[in-house]
Amino acid sequence: EKGGYEHFMLKEIHEQPKAIRDTYRGRLLSDEAIIKMAGVEDNMKTFLNANRIIIIACGTSWHAGLVAEYIFEEFARIPVEVEYASEFRYRNPVINENDVVIAISQSGETADTLAAIKLAKSRGAFVFGVCNVVGSSIARETHAGAYTHAGPEIGVASTKAFTTQITVLTLIALRLARAKGTMSSSDFRLYLRELELIPQKVEQLLNVDDHVKDIARQYLLSPNCLYLGRGYNFPVALEGALKLKEISYIHAEGYPAAEMKHGPIALIDDRMPVIVIATSKGHYEKVVSNIQEIKSRKGKIIAVVTQGDTAVKEIADHVIEIPESEEAFSPLLTTIPLQLLSYHIAVMRNCNVDQPRNLAKSVTVE
Ligand code: F6R
């Protein structure tokens with residue numbers, strides 16, 4: 001059942017090329033330069049007339065929502081807010097029939113997300129679901145939706161659900177961008193082709209496994225860890241930190257890299273590993289100077305860089321290379337080594353990676 005892998009989590013990490021491909025299959029038609037998603041097409045007017053999109057979710061799905069915020073705003077120029085379902089539902093939120101809500105949930109059973117959906121519906125909002133489990137409560141409670149086709153996710157730590165959620169949300173953003181005219185048809189074609197290349201890049205990237213394992217060995221006794229990223233990769237930093245804490249029980253925090261100097265930099269010393277995402281097209285110069293700030297305080301740098309990088313290589317203690325891509329799609333790549341790093345550290349610490357203590361796969365109580 002684990003297909004030769006030691007844990008479901010590792011199996012599911014390795015399933016991502018296929019999961020992403022399955023998720024865009026039949027929807028992304030690059031030859032014809034179209035995106036076909038019935039749930040979006042049938043409600044196109046509602047999407048185009050929306051004042052804003054509010055994304056609600058919990059945990060890793062909330063992180064996918066944050067990535068989507070950057071993508072929707074950049075591609076489709078629609079204002080997006082991303083909310084924790086648990087906060088949204090108890091806040092008496094200002095929401096009405098001009099709002100579109102996108103609810104993201106792997107299980108489709110998360111109690112807070114389900115309650116937030118019911119509240120949004122009662123205020124007249126249109127609610128679109130992005131779920132993995134077919135026929136789940138959230139899939140049934142939403143007005144329309146698009147499934148991720150990740151296949152069953154058994155490991156409690158979410159991996160392929162995250163990357164397929166980003167894939168679905170990217171397809172929606174691209175479709176809306178074309179409909180609104182905020183993206184040229186040539187850019188649209190280019191992005192479709194680029195998105196189609198992601199699975200093979202993930203496949204190639206999975207070869208960093210041994211290298212990541214070596215890095216894991218050197219940090220498995222660290223009590224703390226910081227994750228930094230900017231732009232599209234800020235949410236990836238949050239997700240990297242969540243993955244590490246939930247399965248290895250190492251305290252970890254994710255931050256936008258530029259926020260370092262507003263507090264967290266005080267934590268840096270020679271025992272603090274800092275994982276920095278420094279892709280070549282993503283505010284690269286600024287991230288390099290963030291890395292220098294950490295280095296001058298003797299922090300240990302594990303950098304995720306684009307193949308061919310030279311500047312970060314000179315200062316980082318370790319680099320993990322990812323294939324080049326459009327920056328907007330880079331979270332689909334940068335996430336992979338962070339999943340592997342958490343996995344290996346947790347295994348080396350003898351943690352139960354598939355069923356971490358105190359956690360459940362579906363959180364059906366609030
Ligand atoms: C993290 C994790 C949780 C879930 C969260 C939402 O690895 O698994 O943070 O992401 O409980 O679950 P869904 O997506 O099922 O609503």
Side-chain angles (χ1 to χ4, degrees), residues 10 12-25 28 30 63-64 67 70-71 74-75 150 159-160 162-171 173-174 187-216 227-237 239-240 243 257 275-285 287-288 291 301-314 316 318-344:
L10 189 61
E12 290 161 5
I13 289 172
H14 280 265
E15 278 171 352
Q16 288 175 111
K18 177 177 187 298
I20 294 169
R21 215 175 265 129
D22 287 348
T23 296
Y24 69 57
R25 177 173 300 123
L28 188 174
S30 60
H63 295 153
V67 174
Y70 285 79
I71 297 178
E74 175 69 28
F75 288 3
T159 54
K160 61 178 180 170
F162 179 67
T163 44
T164 55
Q165 286 164 346
I166 294 174
T167 303
V168 163
L169 293 160
T170 301
L171 289 171
L174 283 166
D187 281 353
F188 183 69
R189 273 175 194 276
L190 179 126
Y191 277 113
L192 294 192
R193 299 240 180 255
E194 279 289 320
L195 191 55
E196 252 183 337
L197 291 176
I198 293 292
Q200 70 200 60
K201 289 181 184 175
V202 174
E203 223 152 80
Q204 184 193 335
L205 180 51
L206 285 164
N207 292 326
V208 298
D209 197 34
D210 284 340
H211 175 50
V212 173
K213 203 169 169 179
D214 285 339
I215 298 171
Y227 286 75
L228 305 177
R230 296 178 84 116
Y232 294 105
N233 282 296
F234 154 54
V236 175
E239 173 60 9
K243 219 87 297 176
I275 289 100
V276 189
I277 302 154
T279 46
S280 63
K281 296 175 189 163
H283 314 288
Y284 181 74
E285 307 301 332
V287 179
V288 172
I291 292 175
I301 310 275
I302 302 162
V304 177
V305 300
T306 309
Q307 271 163 10
D309 177 277
T310 51
V312 173
K313 260 189 194 149
E314 275 176 28
H318 314 271
V319 295
I320 301 167
E321 291 191 317
I322 62 154
E324 174 151 24
S325 79
E326 286 303 321
E327 183 63 13
F329 300 160
S330 67
L332 294 169
L333 303 174
T334 52
T335 300
I336 311 289
L338 304 192
Q339 293 170 344
L340 289 169
L341 184 67
S342 305
Y343 171 78
H344 287 300

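- Residues E194 and L197 are in side-chain contact: their nearest non-hydrogen atoms beyond the backbone lie under 4.5 Å apart.
- With sequence neighbours excluded, no residue forms a side-chain hydrogen bond (donor to acceptor under 3.5 Å, both in side chains) with T164.
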Under the ring pair (Phe, Tyr, Trp, His ring centres under 6.0 Å) criterion, do Y191 and F329 qualify, and how do the steps go?
-> CA-CA 9 Å; Y191 277 113; F329 300 160; 5.5 Å; yes
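- What you find for E321 and T306 is that their closest heavy atoms are OE2-O, 4.4 Å.
- Considering every non-hydrogen atom in both F162 and T335, the closest pair reads CE2-OG1, 3.4 Å.
- A salt bridge does not link K213 to D210: none of the charged side-chain nitrogens sits closer than 4.0 Å to a carboxylate oxygen.
- Across all non-hydrogen atoms, the minimal contact from H344 to A216 is CB-CB, 3.6 Å.
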Going through the distances and angles, do H63 and K243 end up as a side chain to side chain contact (heavy atoms under 4.5 Å, CB included)?
-> CA-CA 11 Å; H63 295 153; K243 219 87 297 176; over 6 Å; no
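- Side chains of V202 and L333 form a contact here, defined as non-hydrogen atoms less than 4.5 Å apart.
- Between the side chains of E324 and S280, no donor N or O sits under 3.5 Å from an acceptor N or O.
- At distances below 3.5 Å, not a single donor-acceptor pair connects side-chain atoms of K281 with backbone N or O atoms of A328.
- The CD1 atom of I277 lies 8.0 Å from the OG1 atom of T279; values are rounded to the nearest 0.5 Å.
- Counting all heavy atoms, side chain and backbone alike, S30 lies closest to E196 at OG-OE1, 2.7 Å.
- For the side-chain contact (heavy atoms from CB on, under 4.5 Å) criterion with L195, the lone passing option out of I20, L190, L28 is L28.
- Between the NZ atom in K201 and the CG atom in L205 there is a gap of 11.0 Å [rounded to 0.5 Å].
- Between the side chain of D209 and the backbone N or O of L206, no donor-acceptor pair lies under 3.5 Å.
- Residues T23 and L171 come closest through the heavy atom pair O-CD1, 4.3 Å.
- Across P331 and V236, no two heavy atoms sit closer than the pair CB-CG2, 3.6 Å.
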When you look at L340 and L10, which way does the side chain to side chain contact (heavy atoms under 4.5 Å, CB included) test go after all the steps?
-> CA-CA 8 Å; L340 289 169; L10 189 61; 4.0 Å; yes
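- For the atom pair I275 CD1 and S342 OG, the distance stands at 8.0 Å (nearest 0.5 Å).
- To the nearest 0.5 Å, atoms CG (L332) and OG1 (T167) are separated by 5.0 Å.
- Here the side chains of L169 and V67 are not in contact, with every heavy-atom distance at 4.5 Å or above.
- A search for side-chain hydrogen bond (donor to acceptor under 3.5 Å, both in side chains) contacts involving Q16 returns T163, Q339, not counting sequence neighbours.
- In this structure the side chain of Y284 reaches within 4.5 angstrom of the side chain of V312, judged on heavy atoms.
- In this structure, I291 CD1 and E314 CD are separated by 12.0 Å, a value rounded to the nearest 0.5 Å.
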Derivation of the side chain to side chain contact (heavy atoms under 4.5 Å, CB included) call for I320 and H211 = CA-CA 8 Å; I320 301 167; H211 175 50; 4.2 Å; yes
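- The pair R230-E327 fails the salt-bridge criterion, with no side-chain N (NZ, NE, NH1 or NH2) lying under 4.0 Å from an Asp/Glu carboxylate O.
- Within the model, atoms OH of Y24 and CG of L192 stand 10.5 Å from one another, a figure rounded to the nearest 0.5 Å.
- Between Y70 and Y232, the ring-plane angle classifies as tilted under the 30° and 60° cut-offs.
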